[in-house]
Amino acid sequence: MVVVSSLRLPSLTSLFFASSRSTHRAPATLFRRQQPYLAAARFSAQSAASSSLPETTEELAPANQKKSSNSNKVNQDRVITPRSQDFNAWYLDVIANAELADYGPVRGTMVIRPYGYAIWEAIQDYLNVKFKETGHSNMYFPQFIPYSFIEKEASHVEGFSPELAVVTIGGGKELEEKLVVRPTSETIVNHMFTQWIHSYRDLPLLINQWANVTRWEMRTKPFVRTLEFLWQEGHTAHATPEEAEEEALKMIDVYTKFAYEEAAIPVVVGRKSREETFAGAVRTYTIEAMMGDRKALQAGTSHNLGQNFSRAFETQFTDENGQRQHVWQTSWAVSTRFVGGIIMTHGDDAGLMLPPKLAPVQVVIVPIWKKDDEKAGVLNAASSVKEILHSAGVKVKLDDSDMRTPGWKFNFWEMKGVPIRIEIGPRDVASGSVVISRRDVPGKQGKVFGISMEPTTLVGYVKDKLDEIQASLLAKATSFRDSNIVDVSSYDELKEAISQGKWARGPWSASDKYEARVKEETGATIRCFPFEQPAGTKTCLMTGQPADEVAIFAKSY
């Protein structure tokens, strides 16, 4: 038996009972339907620990719901709350109805279902190649870390102690030293680096691991913030500070290209403020994404750790002159939070809208027939089209089930965010053509008739449309982001922009004290100092003193 405790445990009441204060914020579906597939049944809005927490607190928690044996009725009742009505309820509805995730038995945990995990696998597939192209090797470190390791780096333990899950009993006996369930791996990595690095010839050491981590979050939201989540974490050691800085910038560039080219998310790239820098780092670089509700999502980070951890753990090497030196280090990570970012960036009232490069299914084929004597011909043609596209490397699915109507299938696969739908009926079979609909262009505008089944024509058309959809999603998200960033020159203008739910961009050279004041008075934080800076002289919006750069302020997840 292993006993895990936390340094910030919620009360037993908050673990087992929904706060009456949060009940009115639950999706309306909670009260009018009792089907297990609905978001209200899976992700109930609850207050997490104390009455001092914001009412917008969401957590993953089971709700006792009566299961229906009538699957047809369940699927007819699939309802997604409009985004404009309640963005959080919409988000939870999409996750539940698109079968991306389900609640775990422990408050704040989730089970990632196959469709949701397939999106994560697509993220892994891309990044894994990029990591190896840049010289990194995959390995794995234990998830149990001696508590003494966490204590060695002062700012690290201060930053993470509220979120630690601590093991105190194992095998029925109290442990001589308590263990931490991995919140991040800088400490255990340094312990091992100290044993592996001896000379400058051992550097640089570039590794990555795909793992799960545990952080005892009080306010949880599926994919975005959960007690346990999946990620990759890179860790590197270098002989010089210049090499470490180059590495940190190189990896944030990898994340940026992924966000733009694969996820179709136009992130703002920059440096975190001192207050927002990773605990134990010298500098933190970030990619910040604007979600559909205009909140910021920190989608990936890269940290220049300097020598903070190497000095704490005495991770040294002998340089070319025979002198002992501490290594210079970096760490960087992207997590399943990116799945949440994709949902909230591209989704609409119909459900998911997945960028083709990350979609588990890029094309779904829906055969249509009314008479029994039409069925065989339609299914044969649909199977042929599927084989043509599959052979061309397109991720395609044929929905040939006869338990659902074509209209039901259209709505279902739209809700799942499949970029392209191909419809094949008896007339299409006779003409040797298909009907193609785009997920990103609703209604008749997105539907094209008479596309030839001839392999070269069909494959070329489908691939062109997939590329168009990918570009269209990025363009739409970029336009949305740019139209919701306001340039400000005073604190009053900043407060006005934040009160309107927008991002504020303005010159900043004020102290940490003023940054804390902004957070307290507006709820916004400095998301980053963007790499792209306007030219010319600048005056701090808060103090009136000269400023070297502008900062972006926003409320965030």
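It should be emphasised that the depicted structure is a prediction, and the values quoted were computed from it without experimental measurement.
Residues passing the side chain to side chain contact (heavy atoms under 4.5 Å, CB included) test with Pro534 are Lys538, Val550, sequence neighbours excluded. Under the rule for a side chain to side chain contact (heavy atoms under 4.5 Å, CB included), the partners of Asp293 that lie at least two apart in sequence or sit in another chain are Phe87, Met291, Lys295, Tyr557. Applying the side chain to side chain contact (heavy atoms under 4.5 Å, CB included) rule to Thr478 yields the partners Pro266, Leu474, Arg481, Asp482; only residues at least two apart in sequence or on another chain are considered. Legend: residues meeting side-chain hydrogen bond (donor to acceptor under 3.5 Å, both in side chains) with Thr214, ordered by chain and number and at least two apart, are absent. Residues that satisfy the side-chain hydrogen bond (donor to acceptor under 3.5 Å, both in side chains) test with Glu177, not counting sequence neighbours, are Ser148. Remark: Glu288 engages Lys272, Thr286, Arg527 in a side-chain hydrogen bond (donor to acceptor under 3.5 Å, both in side chains) (not counting sequence neighbours). Shown here are the side-chain hydrogen bond (donor to acceptor under 3.5 Å, both in side chains) partners of Gln500, two or more places apart in sequence or in another chain: Glu496. By the side chain to side chain contact (heavy atoms under 4.5 Å, CB included) test, Gln316 pairs with Glu314, Arg324, His326, sequence neighbours left out. Legend: residues meeting ring-ring contact (aromatic ring centres under 6.0 Å, His included) with Phe313, ordered by chain and number and at least two apart, are Phe149.
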Would you be so kind as to tabulate the donor-acceptor pairs closer than 3.5 Å made by side chains of residues 115-130, with sequence neighbours excluded?
from	atom 1	to	atom 2	distance (Å)
Tyr115	OH	Lys416	O	2.8
Asn128	OD1	Asn138	ND2	2.9
Asn128	OD1	Trp210	NE1	3.1

Practice prompt. Start with the C-alpha gap between Lys221 and Asn88, add the side-chain angles, then the distance that decides, and say whether side-chain hydrogen bond (donor to acceptor under 3.5 Å, both in side chains) holds.
Written response: CA-CA 9 Å; Lys221 187 181 185 75; Asn88 178 63; 2.6 Å; yes
Worksheet item: Step by step, would you call His191 with Trp196 a ring-ring contact (aromatic ring centres under 6.0 Å, His included)?
Response: CA-CA 9 Å; His191 175 77; Trp196 299 337; 9.6 Å; no
Fill in: Step-by-step side chain to side chain contact (heavy atoms under 4.5 Å, CB included) determination, Trp503 to Lys555
CA-CA 8 Å; Trp503 292 16; Lys555 293 182 179 180; over 6 Å; no
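Using a cutoff of 4.0 Å between basic side-chain nitrogens and carboxylate oxygens, Glu261 and Lys257 are not scored as salt-bridged. The residues Glu275 and Lys519 are annotated as not salt-bridged, no charged nitrogen and carboxylate oxygen being separated by less than 4.0 angstrom. Under 4.0 Å is where a charged nitrogen must lie from a carboxylate oxygen, and between Asp492 and Lys495 at least one such pair does.
Between the side chains of Ser185 and Gln209, at least one donor N or O sits under 3.5 Å from an acceptor N or O. When only modelled atom types and interatomic distance are considered, Thr284 and His303 share a side-chain donor-acceptor pair under 3.5 Å. Of the N and O atoms on the side chains of Thr194 and Thr315, at least one donor lies less than 3.5 Å from an acceptor on the other residue.
The two residues Ile498 and Ala524 make their nearest non-hydrogen contact at CD1-CB, 3.8 Å. Contact detail for Thr539 and Gly544: the closest heavy-atom pair is CG2-O, 3.2 Å. Closest non-hydrogen pair, Pro530 versus Ala551, comes out as CD-CA, 4.3 Å. When all heavy atoms of Ile252 and Gly300 are compared, the pair lying nearest together is CD1-O, 4.0 Å. Residues Asp202 and His198 share a closest heavy-atom pair of OD2-N, 2.8 Å. Between Ala263 and Leu358 the shortest heavy-atom distance is CA-CD1, 3.7 Å.
Just one residue in the list Glu520, Glu515, Glu521 forms a salt bridge (Lys or Arg N to Asp or Glu O under 4.0 Å) with Arg517, and that residue is Glu521. Each of Lys132, His235, Gln232, Glu233 was compared with Asn208 under the side chain to side chain donor-acceptor pair (under 3.5 Å) criterion, and only Gln232 meets it.
Here the side chains of Asp487 and Glu493 are not in contact, with every heavy-atom distance at 4.5 Å or above. Using a 4.5 Å heavy-atom cutoff, the side chains of Ile552 and Val268 are in contact. Residues Tyr147 and Leu179 form no side-chain contact, since every pair of their non-hydrogen atoms from C-beta on lies 4.5 Å or further apart. Pro222 is listed as a side-chain neighbour of Leu92, based on a closest heavy-atom distance under 4.5 Å. Side-chain contact check for Phe223 versus Ile95: some heavy-atom pair is nearer than 4.5 Å. Here the side chains of Val167 and Lys178 are not in contact, with every heavy-atom distance at 4.5 Å or above. Side-chain contact check for Glu276 versus Thr525: some heavy-atom pair is nearer than 4.5 Å. With a 4.5 Å cut-off on side-chain heavy atoms, Gln329 and Gln307 do not count as touching.
Within the model, atoms OG1 of Thr236 and CG of Asn304 stand 8.5 Å from one another, a figure rounded to the nearest 0.5 Å. From Leu249, atom CG reaches atom CD of Glu247 across 9.5 Å, with rounding to the nearest 0.5 Å. Glu246 CD to Thr330 OG1: the interatomic distance, rounded to the nearest 0.5 Å, is 11.0 Å. With rounding to the nearest 0.5 Å, the separation of CZ in Phe141 from CD in Glu186 is 10.5 Å. Remark: Ser137 OG to Ile207 CD1 distance equals 9.0 Å, nearest 0.5 Å. For the atom pair CG (Asn212) and CZ (Phe229), the distance works out to 9.5 Å, reported to the nearest 0.5 Å.
Legend: side-chain hydrogen bond (donor to acceptor under 3.5 Å, both in side chains) pairs involving residues 541-552, not counting sequence neighbours, sorted by first then second residue: Arg271-Glu549. For residues 507-532, every residue pair satisfying the ring-ring contact (aromatic ring centres under 6.0 Å, His included) rule, not counting sequence neighbours, is listed here: Tyr285-Phe531, Trp508-Phe553.
Annotation: Phe258 is in aromatic contact with Phe338 [ring centroid separation under 6.0 Å].
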